[in-house]
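Structure first, then comments.
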Amino acid sequence: MPLTTYTMDVFNNATYTTIADVMLPHTQNTYWHEFSEISRYNVQLNYFERLWAAWYAFMGNDVLATGIMSFLMHEVVYFGRSLPWMIVDRIPALNKYKIQNQKIPSAKEQWDCAKLVLLSHFTVELPQIWLFHPMAQYFGLSTSVPFPTFFTMAYQIAIFFVLEDTWHYWMHRALHWGPLYKNIHKIHHQYSAPFGLAAEYASPIEVMILGLGTVSAPILWCAITKDLHILTMYIWIVLRLFQAIDAHSGYEFPYSLHHFLPFWAGADHHDTHHEKFVGNYSSSFRWWDKWLDTESGPEATKRRRERKLAKAKAKAI
């Protein structure tokens with residue numbers, strides 16, 4: 001029996017007792033029963049693909065299945081990735097790697113930040129996550145199995161990083177314009193020495209504006225190519241969250257990624273932005289700030305001074 005036929009049979013044969021059951025069909029079967037049945041008829045699938053297919057079959061509603069999985073993944077990854085940095089902040093031996101090591105966030109600051117982030121997640125990001133599936137599916141998003149190849153996911157995610165970084169640079173730079181900074185972006189700069197949990201500490205408007213770059217890049221790709229699997233989207237979101245949280249960690253280690261990839265932004269790039277309140281507007285890469293001369297920090301200031309001196313000498317000759 002083909003997987004798609006089996007999934008539809010599960011949905012059509014479900015019994016409903018309440019309105020809630022219509023949204024979450026009660027099939028009289030457990031998740032593991034669905035997994036067993038899918039494994040029996042789809043031996044060509046790997047274990048993870050069977051787990052995935054069983055989830056959608058068990059839920060019987062693609063939008064609900066995707067919405068729950070997406071939101072839980074976002075919360076687990078966001079707070080799960082922030083937790084190690086909270087622990088690092090409490091280890092004195094690692095303080096030497098803190099870029100602004102005189103500013104260690106207190107437990108109260110961490111808790112106050114967490115409360116606003118959670119509020120933003122439930123009131124702003126949850127609706128966006130819920131709407132993503134029907135919107136992307138309209139443009140051809142796939143949730144089926146088997147999964148795309150590693151190469152396919154890798155090059156698509158690389159494209160998403162470039163597109164999001166471009167969006168982030170221009171929108172972030174715009175948010176530093178007087179009225180927009182005062183009314184929208186200022187809250188994110190409450191912490192001049194950022195920490196991981198503060199990556200999404202921002203006004204709801206800013207969360208929507210900058211978050212649009214993360215979501216719209218895959219949707220645009222899907223609309224043009226009709227080739228995007230939601231697993232690729234999930235991996236992209238996980239990597240983007242890691243990037244944002246690590247960039248706000250406030251720590252610079254000898255093995256930080258930008259030491260191996262010079263064009264990668266990293267924590268030292270964004271920490272300077274929070275300290276100086278200007279420049280270094282990109283999220284993942286350094287090229288936009290370099291090309292448009294918006295780099296911040298002592299080295300960038302020194303290079304600008306040297307260029308001005310060189311121009312002055314050239315004019316004097």
Decide whether [X] and [Y] meet the rule of one side-chain donor and one side-chain acceptor closer than 3.5 Å.
X	Y	answer
Y56	S144	no
E164	S283	yes
Y251	D89	yes
S282	D289	yes
W85	D246	yes
E295	H269	no
T149	T152	yes

F58 and I38: side chain to side chain contact (heavy atoms under 4.5 Å, CB included), yes or no, with the steps?
CA-CA 11 Å; F58 175 67; I38 285 172; over 6 Å; no

With heavy-atom distances below 4.5 Å as the criterion, would you say the side chains of [X] and [Y] are in contact?
X	Y	result
N42	Q44	yes
I187	L116	yes
H188	L175	no
H172	I209	no
L228	F160	yes
I235	M153	yes
H121	E75	yes
H168	Y281	no

Pairwise distance [atom1]([X]) to [atom2]([Y]) - rounded to 0.5 angstrom:
X	Y	atom1	atom2	result
N61	H133	CG	NE2	8.0 Å
Q156	F161	CD	CZ	14.0 Å
Y201	E206	OH	CD	11.5 Å
K103	E275	NZ	CD	6.5 Å
M135	Q128	CE	CD	9.0 Å
S284	L257	OG	CG	10.0 Å

Is it true that [X] and [Y] have ring centroids separated by less than 6.0 Å?
X	Y	value
F285	W264	yes
F277	Y181	no
F71	F132	no

Please answer: with hydrophobic residues joined when any side-chain heavy atoms are less than 4.5 Å apart, are [X] and [Y] in the same cluster?
X	Y	value
V88	W111	no
W170	V207	no
L231	W55	yes
Y78	I237	yes
I157	V77	yes

Please name the pair of heavy atoms, one in [X] and one in [Y], separated by the smallest distance, quoted to 0.1 Å.
X	Y	result
P204	V124	CB-CG2, 3.5 Å
G250	A267	N-CB, 4.3 Å
L141	I230	CD1-N, 3.7 Å
C113	A198	SG-CA, 3.6 Å
P218	M233	CG-SD, 3.3 Å
G67	I129	O-CG2, 4.1 Å

Between the main-chain N or O of [Y] and the side-chain N or O of [X], is there a donor-acceptor pair closer than 3.5 Å?
X	Y	value
R50	R40	no
W221	D227	yes
E34	A53	no
W52	T143	yes
N280	S296	yes
N183	P179	yes
E49	N46	yes
S256	F253	yes

Tell me whether R286 is salt-bridged to D268, with the criterion being a basic N under 4.0 Å from an acidic carboxylate O.
yes

Under a 4.0 Å N-O cut-off, is there an ion pair linking E299 with K302?
no

A quick test of your reading: do over 12 heavy atoms of other residues, nucleotides or ligands sit less than 6.0 Å from [atom1] of [X]?
X	atom1	answer
F150	CZ	no
I205	CD1	no
Y138	OH	no
K108	NZ	no
K290	NZ	no

Between [X] and [Y], what is the ring plane arrangement, given parallel below 30°, perpendicular above 60°, and tilted in between?
X	Y	answer
H229	F147	perpendicular
H270	H274	perpendicular
H189	H185	perpendicular
W288	W291	perpendicular

Stepwise, does the side chain to side chain contact (heavy atoms under 4.5 Å, CB included) test hold for W177 with I184?
CA-CA 10 Å; W177 175 61; I184 299 175; over 6 Å; no

Quick one, D112 with K115, criterion side chain to side chain contact (heavy atoms under 4.5 Å, CB included). Give me CA distance, side-chain angles, the key distance, then yes/no.
CA-CA 5 Å; D112 289 343; K115 286 188 291 186; 3.6 Å; yes

Could you go through H176 and H273, starting from their C-alpha distance and side-chain angles, then the distance that decides it, and tell me whether this counts as ring-ring contact (aromatic ring centres under 6.0 Å, His included)?
CA-CA 11 Å; H176 273 263; H273 172 79; 4.7 Å; yes

Show, in sequence, the C-alpha distance, side-chain angles and deciding distance for L241 and E200, and conclude whether the side chain to side chain contact (heavy atoms under 4.5 Å, CB included) test is met.
CA-CA 9 Å; L241 285 172; E200 293 184 354; 3.4 Å; yes

